[in-house]
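Okay, structure first, notes after.
To find a chain, count down the sequence lines: A is the first, B the second, and so on, and within it residues start at 1. This one's a predicted model, so the numbers in the text were calculated from it and none came from an experiment.
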Amino acid sequence: MEEERHTEAKIGAETGRGSSPRGPGCSLRHFACEQNLLSRPDGSASFLQGVAEKNRERLIRNTCEAVVLGTLHPRTSITVVLQVVSDAGSLLACCLNAACMALVDAGVPMRALFCGVTCALDSDGTLVLDPTSKREKEARAVLTFALDNVERKLLMSSTKGLFSDAELQQCLAAAQAASQHVFRFYRESLQRRYSKS
Amino acid sequence: MAAGFKTVEPLEYYRRFLKENCRPDGRELGEFRTTTVNIGSISTADGSALVKLGNTTVICGVKAEFAAPPTDAPDKGYVVPNVDLPPLCSSRFRSGPPGEEAQVASQFIADVIENSQIIQKEDLCISPGKLAWVLYCDLICLDYDGNILDACTFALLAALKNVQLPEVTINGETALAEVNLKKKSYLNIRTHPVATSFAVFDDTLLIVDPTGEEEHLATGTLTIVMDEEGKLCCLHKPGGSGLTGAKLQDCMSRAVTRHKEVKKLMDEVIKSIKPK
């Protein structure tokens with residue numbers, strides 16, 4: 001097992017990229033990247049990766065801070081740890097949903113629940129909700145929104161690419177409609193969990 | 001008496017003003033601070049601009065150097081922005097590696113450059129696969145009084161409009177690059193992205209161009225980057241209180257007006273520069 005890991009690191013160093021030769025599982029790819037850093041530090045690649053993660057962390061943190069009733073727990077630190085098991089597109093939205101469910105599971109008092117929805121706009125203007133990684137790469141614009149469940153207000157937005165004001169309103173309306181399904185899923189899964197015990 | 005109240009209850013002090021639809025510095029809720037721009041002040045840089053938004057001051061310097069183009073895009077150059085928030089601009093920053101706010105601002109500017117396609121990266125290529133320009137855009141904040149993102153975007157745009165690149169030819173025999181400093185040309189700036197920032201108060205009120213104190217008291221912020229066709233390059237809302245679709249529409253219309261103001265100011269400044 002140790003030799004296998006070492007070989008993978010060697011392959012990574014020769015090609016200069018952290019791509020895994022086997023399987024689409026993201027956990028394997030991530031592992032190879034880490035080894036790559038140790039054996040042949042490719043400064044720019046690691047820096048870029050770090051900043052993207054930091055940005056995502058900041059967006060999730062700010063969204064949680066807006067809904068969590070922090071004043072009920074003074075001098076307390078709430079740590080939310082998110083581990084990516086597999087990434088098939090719409091990663092930020094998935095992280096937001098996971099964070100919200102985790103906070104509910106922990107019993108942290110919140111003023112509203114929130115959910116993440118991703119929209120991708122194609123070059124001809126078609127709207128696709130919850131796009132796959134391939135669709136995201138080919139899209140002209142990718143918009144991720146975090147909406148609350150009380151009045152469907154916009155809590156967080158992160159956009160990539162160029163889009164018009166009308167398209168923004170269209171995406172926002174579609175995201176608000178989609179968030180209904182996500183909140184219904186939250187309610188059903190929580191009901192199932194608490195009805196058992 | 002007022003100063004005492006302001007120290008003890010800053011939010012209440014502020015609400016008294018907001019009830020009258022104005023702010024402590026006399027501005028209305030939708031009014032920007034006085035914007036001034038100075039282009040070409042740094043002679044050692046290939047392009048520079050100084051922008052003042054009230055007290056907030058940001059200076060941008062652009063340096064052009066040679067580099068090998070990336071292997072996956074051999075006909076493209078690079079634009080590398082970096083925002084620096086040194087301790088001299090505000091007491092909240094310490095010296096050392098860039099803090100979170102500086103990294104966030106750098107990432108924001110990089111996103112604006114990427115999304116708006118302000119410069120076609122293919123224009124920066126000199127010889128495909130061998131040589132390309134890399135533009136290092138350094139934005140340094142000299143005085144931090146809120147709304148740093150708007151000031152940085154404007155400074156970057158003005159500095160890029162001021163950049164003059166010399167003509168480069170590849171010598172066929174020696175395969176070396178020859179730079180002709182006497183023949184310089186301006187960059188082809190395709191779009192003009194302008195940022196408009198808002199602060200959200202008590203989940204309902206939106207104010208434009210927040211100062212440092214207002215940012216501190218706000219419950220959320222929103223930044224919209226728009227180009228001249230009304231297309232959005234970036235809708236940056238990093239958490240904070242929620243906004244309805246109607247409020248978002250109001251912000252859009254304010255952003256459109258702001259774009260016209262900024263474009264007019266920049267055109268005036270560029271026209272007034274005497275050719276070198």
[atom1] ([X]) with more than 12 external heavy atoms under 6.0 Å:
X	atom1	result
A/Arg135	CZ	no
A/Arg111	CZ	yes
B/Phe5	CZ	yes
B/Phe93	CZ	yes
B/Glu213	CD	no
A/Arg187	CZ	no
B/His216	NE2	no

Compare every heavy atom of [Y] with every heavy atom of [X], then report the nearest pair and how far apart it is.
X	Y	answer
B/Ser241	A/Ala66	N-CB, 4.5 Å
B/Leu235	A/Ser157	O-OG, 2.6 Å
B/Asn115	A/Leu162	O-CD1, 3.6 Å
A/Arg58	B/Pro238	NH1-CB, 3.6 Å

Does B/Lys237 reach the main-chain N or O of A/Leu155 with its side chain, forming a donor-acceptor pair under 3.5 Å? yes
For each of [options], tally heavy-atom pairs with chain A at distances under 4.5 Å, and name the one with the top tally.
options	value
B/Gly240, B/Gly245, B/Ala255	B/Gly240
B/Asp227, B/Asp111, B/Val104, B/Leu222	B/Val104
B/Gln117, B/Lys247, B/Gln249	B/Gln249

Engaged part of B/Thr244 at the chain A interface, taking heavy atoms whose separation is under 4.5 Å: both
Let me know if B/Glu114 has heavy atoms under 4.5 Å from chain A in its side chain, its backbone, both or neither. neither
With a 4.5 angstrom heavy-atom cut-off, could you sort out which part of [X] is near chain B: side chain, backbone, both or neither?
X	answer
A/Glu65	neither
A/Leu143	neither
A/Asp165	both

Looking at chain B, which one of A/Leu168, A/Thr63, A/Thr159 has the largest number of heavy-atom pairs inside 4.5 Å, strictly under? A/Thr159
How long is the gap from CG on B/Leu248 to CD on A/Gln169, to the nearest 0.5 Å? 6.0 Å
